[in-house]
Undergrad: 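Dumping the structure here so I can ask a few things about it.
Note on naming: letters A, B, ... go to the chains in the order of the sequence lines (proteins, then strands), and numbering restarts at 1 for each one.
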Amino acid sequence: MSKLSITIDGRTFVIETPPLRRITSEITVRVDGQPVSVLAPETGSPELLDWLIVDGRPYELVVDPNLRWIRSRYGLHQVEVRDLEATVARPASGDGRIKAPIPGLITRVLVSPGETVELGQPLMVLEAMKMENEIRAPRTGRVAQINVSPGQSVALGVVLAEVE
Amino acid sequence: MSKLSITIDGRTFVIETPPLRRITSEITVRVDGQPVSVLAPETGSPELLDWLIVDGRPYELVVDPNLRWIRSRYGLHQVEVRDLEATVARPASGDGRIKAPIPGLITRVLVSPGETVELGQPLMVLEAMKMENEIRAPRTGRVAQINVSPGQSVALGVVLAEVE
Amino acid sequence: MFRTILVANRGEIAVRIIRTCRDMGIRTVALYDDTDLSSLHVRLANECVRLSSGALYCDAAALVQIARDCGAEAIHPGYGFLAEHDEFARACEEAGIVFIGPSSAALAKVRDKIAVLEAVRAAGIAVPRHSPHAYHASEWEALRDAAERLGYPLVLKSYSGGRSHGTRLVREPTQLESMAQHAHSAALTAFGDDRLYLEEAFLPARYLEVQIVGDRHGNLVHLGERDGTIQHNHHKVVEESPAPYLTEAQREDLWQKALAIGRLLGCTNTCTVEFVLDAQGRFYFTEVKARIQVEHPITEMRTGIDLVRTQIQVAAGEPLGFSQADVTLRGCAMQARVNAEDPWNHYLPSPGRLRRFRFPGGPGLRVDTYAYAGCDVPVRYDPLLAKVIAWDDTRAGALGRLRRAVADFAISGVQTNLPLIQRIVDAPEFAAGTYDSDFNRRPLPGAEVPPEQLRDLAVAAALAYIRRGIDASGVLPDRADSGWHRDSRRLPQ
Amino acid sequence: MFRTILVANRGEIAVRIIRTCRDMGIRTVALYDDTDLSSLHVRLANECVRLSSGALYCDAAALVQIARDCGAEAIHPGYGFLAEHDEFARACEEAGIVFIGPSSAALAKVRDKIAVLEAVRAAGIAVPRHSPHAYHASEWEALRDAAERLGYPLVLKSYSGGRSHGTRLVREPTQLESMAQHAHSAALTAFGDDRLYLEEAFLPARYLEVQIVGDRHGNLVHLGERDGTIQHNHHKVVEESPAPYLTEAQREDLWQKALAIGRLLGCTNTCTVEFVLDAQGRFYFTEVKARIQVEHPITEMRTGIDLVRTQIQVAAGEPLGFSQADVTLRGCAMQARVNAEDPWNHYLPSPGRLRRFRFPGGPGLRVDTYAYAGCDVPVRYDPLLAKVIAWDDTRAGALGRLRRAVADFAISGVQTNLPLIQRIVDAPEFAAGTYDSDFNRRPLPGAEVPPEQLRDLAVAAALAYIRRGIDASGVLPDRADSGWHRDSRRLPQ
């Protein structure tokens, strides 16, 4: 048994599910107390859930690995999951570390460690896919560190700088 | 090192290969003594080899699990592999056991155990995919056993009968 | 227009219908059984209903009930199953649900194949000489006597059902009894009716059909002809439009005959009028297929008309919206039917899970299928896996595209007839467009593989062997007689 | 006809070219680098050559040498890279290799954008007011003075290269310096040339282009116009033909102007003549793209002409084979560019390995791509993953198909702009066909999901959460400002 609060595109539902088994038979979940019949076939694909049938309506899905969104035929839906039975709450990360959003080449660094920067101020330029990407300060503060220098190639997710 | 004799569509080649590694760099094999450059990328797919580049020519392939044939863009090629370094030779199977070539329903059984049958004589009828499939004797001989009866469903590869 | 349509079919034609419905903003309800769950039609529909058994695809009462339950105002039957059953159409009509096809009255008329032949002959259009009745398996003497009067060669045809199951060419009187027994049995299996009738056979022949579409306001137009001569074990494999061997005068004659027959029989919605062309260039009407055909996409490619949309619009009572003069037959189109069949095993069906499934693409190409990588090809139904359709301004251009498309269709996990299709489209006689039914009797050589490429493929085999780590000296293909023969798919002898 | 063609490009356009070559029976040689190996163009070619570095795609001397080595008689440059470089065309000509495109002389003429504007104006066709020269980053004062004389709003454009990199709309004098710096830098990155020139800006505007094709025997015909107004961050996203907002008189005027400009500049092979339409309905010629365009399939769908085949035939010295009267512009076609971009991360490129990759299909649909399930989307090149092209007899029909096709395109493994495309094709203003460049500035609401479906999707999220076994209370999307901005893709303010 699980009990979850799911907010999707701004609407919230409380969903209770029985223990899930790896079968293609139908299960019944409760949404805001009402029973809903669900068939969620095993796909054998790397995604754990790429389609299911809810009350006779089929949905093909792409699910974000971090479950921040789901894509259906209707578009991209913003999702928030709260486990109502979980005992530990994890705060949303919001620190001043800036990670490379794409692999590329640092072409210019515009600030130095210790400098004070304002929200939105350009910190460096990352060239990728023949485009220049300006990297800006996520907050007003002091540049705690700059981890890269011009000419350096960076991989996805590498911490480039930190503003504290 | 392996040394193989490969007959494909009636032409035979002797092929020597170095030990294969799971890499995408090129290797050199010898075909009838001549060096040939091969790039056989790992695909991560269930098939172990679904494409490769030989001397700059790319090939997409479907390879029979039993390596009796290879399909390329040119068509279906009959293949025979002889391992010139193997010490054990396995004879081609040619017994009188008849296996279900497709799952289906036995609708009629036309002979009884002990009966003598001739090559090509109908033994039973298997219904599958809305078609009647007549199952015939693979050789002249005596029906050693009949393992099915009318109305019985059979799975792929089940031994239906044996003619000795 | 309808808000909801029940698609009372499965596989590629269910996908085809659902796509058009969605283009038109119509909700669709799909059906599936245990073996069908992974088919694309289940994923693309707005709703889906699980059938407790695959037999329900043929159960008129069950389908009408499902349509009521899901609020469908109309049912599209696709092809096969109940597509041409007048009783099903009548049951829909009585339940206030629109049957997307000809009226039940027209279906009943068309279903009586002998009466249709006689009506068409009475209207002055040539038909094959034929037996006066259809015969049950219990009526062997009457069938034999009818065959004597008709003479040989002749064709045994099943009286019910439009597909090729049960059709047999009988060249000699000595073959009749055993072939009739098989045909009775095959017809019973496929259609639940063992009756057979006889037609004179034309050897060699060409098989032609004309697509006609009509509304309930008296409009009836043709959309050109299709050739269906190229067959394997009585099943069409490659179809094309236009028929490459016709003169313009023959073509016009064929079209006008088809329209006359369509009017005579009260055909509306989409129907196909079938003809045989004999070696002397004479047309003989044979039967009407009162439904969407498997090969309808080649007509769509040439005309730009979505035939399923036309079916739906006409069934909703709308006028056709185009006249004969509005129809332009542009360029040439060809279709190859890719079946999940094992060429190493007498073309028996090859069910399984698809691993790789990559379409060919580019301008003038279309692929219709229910399948995708990871999908299960079920054992229970017909082996049609995908249709590859190529169009170009010229026949040579369309053929070039089809050849390339067939070579590039990457399928693994099940066996397919792609190698057979390759041999057909590579055959010089096919390229010349002069083929007739004798084409199906001649062996088709495989492509000549250049020696360098053959060497490369030997290298591939060596690497595949090593990667598998198989100890397999002297592995031989089991192409030699395996003791099996698929009777109903035997080539005419 | 050529026996072997070197396809000096990659990705979907290389696949596109190889397909046509194979349809024509021409051998193809493909190129790849380390990150490209799994792309479809490598698999479909007859031969492939590994480049030691991706930079070699832009290295004229290296490509000519490869063509010599592999015995290619012709080079198809695709679009981008060296497609419009007159020096490359000249190097090919000097090496005795046919460059499939306009002559090097025509390319040189077209490349000098300011001279072209002046020549066209001299011929009596309106062009935007523009700066008299192009300016290096070091010529800031001259650029500023030219801007003063021209007035605002104005557009900064890169002098080299046909793509939108470096294009900036400047609304106010205060924006000029910083935007010019960025544009200089972006142009240098994309084209190796930092020069910019200025054109008056029309607000709002519509961006139109006319496809023209010509041979070396004096034949030049147009194949209708395309609209390219719908853009995201200066890049076209959805294109269509015909432009829905033109009167027939405007359309005819546009076509004749394009032909006149084509003749004036000596355009042969395929060229595209670009125009801006201002709010008063006046056309202004802007530039010529002397190559195959990304959006050429919509023209192919309407005309039935394979433009790549035409390019090859004309380059081989053959006549066009059709006159203006032979060209029929049938129905409506639309194309959506599916990019591997992350909508949650400012539409930055999203490289990775494709897991699921299932095309939409059915009548009137085409998908051009280099990708397939299991393929790697490389980081180094532009993010264009696939083009979805929909055709129908009517614009409403084509739009219905495109909407459905975009909803059904199943891609996982990388992020895509499919949700953005869905919002565009669902927008009432797009359906009305009345849009102009202001469309790109307005927020696009997402589709209204019916409450029942939203509940179902919540169930899906719950099951996905449980299957993952994630302990994730309060996971929030990082759509909030992440400190990143893709400068060159900013919307005009």
Side-chain angles (χ1 to χ4, degrees), chain B residues 2 4 6 8-9 11 13 15 17 20 29 31 36 38 40 45-50 52 54-55 57 59-63 66-83 86 88-92 98 101-103 127-138, chain C residues 165 182 185-186 189-190 342-346 348-349 351 355-356 379-383 407-408 410-412 418-419 422-423 446-447 449 451-468 470-479 481-489:
Chain B
S2 298
L4 303 169
I6 306 282
I8 182 159
D9 286 356
R11 278 209 52 190
F13 302 86
I15 297 176
T17 70
L20 297 183
V29 304
V31 183
V36 173
V38 185
S45 81
E47 298 109 303
L48 291 171
L49 185 70
D50 73 355
L52 80 175
V54 186
D55 265 357
R57 286 180 293 272
Y59 295 89
E60 283 205 290
L61 304 169
V62 181
V63 181
N66 298 318
L67 240 135
R68 297 165 304 175
W69 49 260
I70 285 184
R71 180 165 141 72
S72 77
R73 69 166 69 158
Y74 300 100
L76 205 52
H77 311 282
Q78 205 169 342
V79 171
E80 196 176 335
V81 180
R82 280 175 203 281
D83 194 327
V88 186
R90 213 169 54 181
I98 300 161
I102 176 173
E127 184 190 316
M129 284 186 159
K130 305 221 154 199
M131 298 284 211
E132 290 211 328
N133 304 288
E134 216 170 61
I135 289 150
R136 298 178 177 216
Chain C
H165 305 271
H182 283 112
S185 173
T189 303
D342 187 351
W344 298 105
N345 194 12
H346 305 284
L348 281 164
R355 290 203 295 264
R356 211 173 359 156
V379 67
R380 194 181 287 165
Y381 302 104
D382 89 38
D408 281 354
I411 304 176
S412 68
L418 280 166
Q422 277 187 293
R423 288 176 178 221
V449 183
E452 220 164 30
Q453 274 80 334
L454 209 54
R455 186 202 64 172
D456 296 347
L457 291 166
V459 171
L463 264 61
Y465 172 87
I466 292 163
R467 286 206 179 169
R468 276 178 169 72
I470 293 174
D471 159 354
S473 302
V475 172
L476 286 168
D478 66 356
R479 200 157 53 168
D481 193 340
S482 65
W484 291 90
H485 193 83
R486 181 168 202 177
D487 187 79
S488 62
R489 294 201 155 198

Undergrad: Can you find a heavy atom in the side chain of B/L76 that is under 4.5 Å from one in the side chain of C/P343?
TA: yes
Undergrad: The criterion is side-chain contact (heavy atoms from CB on, under 4.5 Å); which residues satisfy it with B/R57, sequence neighbours excluded?
TA: B/D55, B/Y59, C/E452, C/Q453, C/R455, C/D456, D/E47
Undergrad: Against chain B, work out which of C/A447, C/P451, C/A410, C/S185 has the most heavy-atom pairs shorter than 4.5 Å and name it.
TA: C/S185
Undergrad: To the closest 0.5 Å, what do you measure between CD1 (C/I466) and OG1 (B/T17)?
TA: 3.0 Å
Undergrad: Shortest non-hydrogen contact from C/A461 to B/V79?
TA: CB-CG1, 4.0 Å
Undergrad: So which of B/V36, B/I70, B/L4 has the largest heavy-atom pair count under 4.5 angstrom toward chain C?
TA: B/L4
Undergrad: Kindly give the heavy-atom pair with the smallest separation between B/L67 and C/A464, and that separation in Å.
TA: CD1-C, 3.9 Å
Undergrad: Name the option with the most non-hydrogen atom pairs under 4.5 Å to chain B; the candidates are C/A407, C/G446, C/A458.
TA: C/A458
Undergrad: Is C/Y465 close to B/D83 at the side-chain level, that is, under 4.5 Å between some pair of heavy atoms?
TA: yes
Undergrad: Just verifying a value: how many Å separate B/L49 CG and C/L463 CG, rounded to the nearest 0.5 Å?
TA: 6.5 Å
Undergrad: Tell me, for B/S72 versus chain C, whether the close heavy atoms (under 4.5 Å) come from the side chain, the backbone, both or neither.
TA: both
Undergrad: Might you point out which heavy atoms bring B/V31 and C/V459 nearest each other, and give the distance in Å?
TA: CG2-CG2, 3.5 Å
Undergrad: I need the B/R73 CZ to C/L457 CG distance, nearest 0.5 Å.
TA: 10.5 Å
Undergrad: Is the shortest side-chain heavy-atom distance between B/V62 and C/R356 below 4.5 Å?
TA: yes
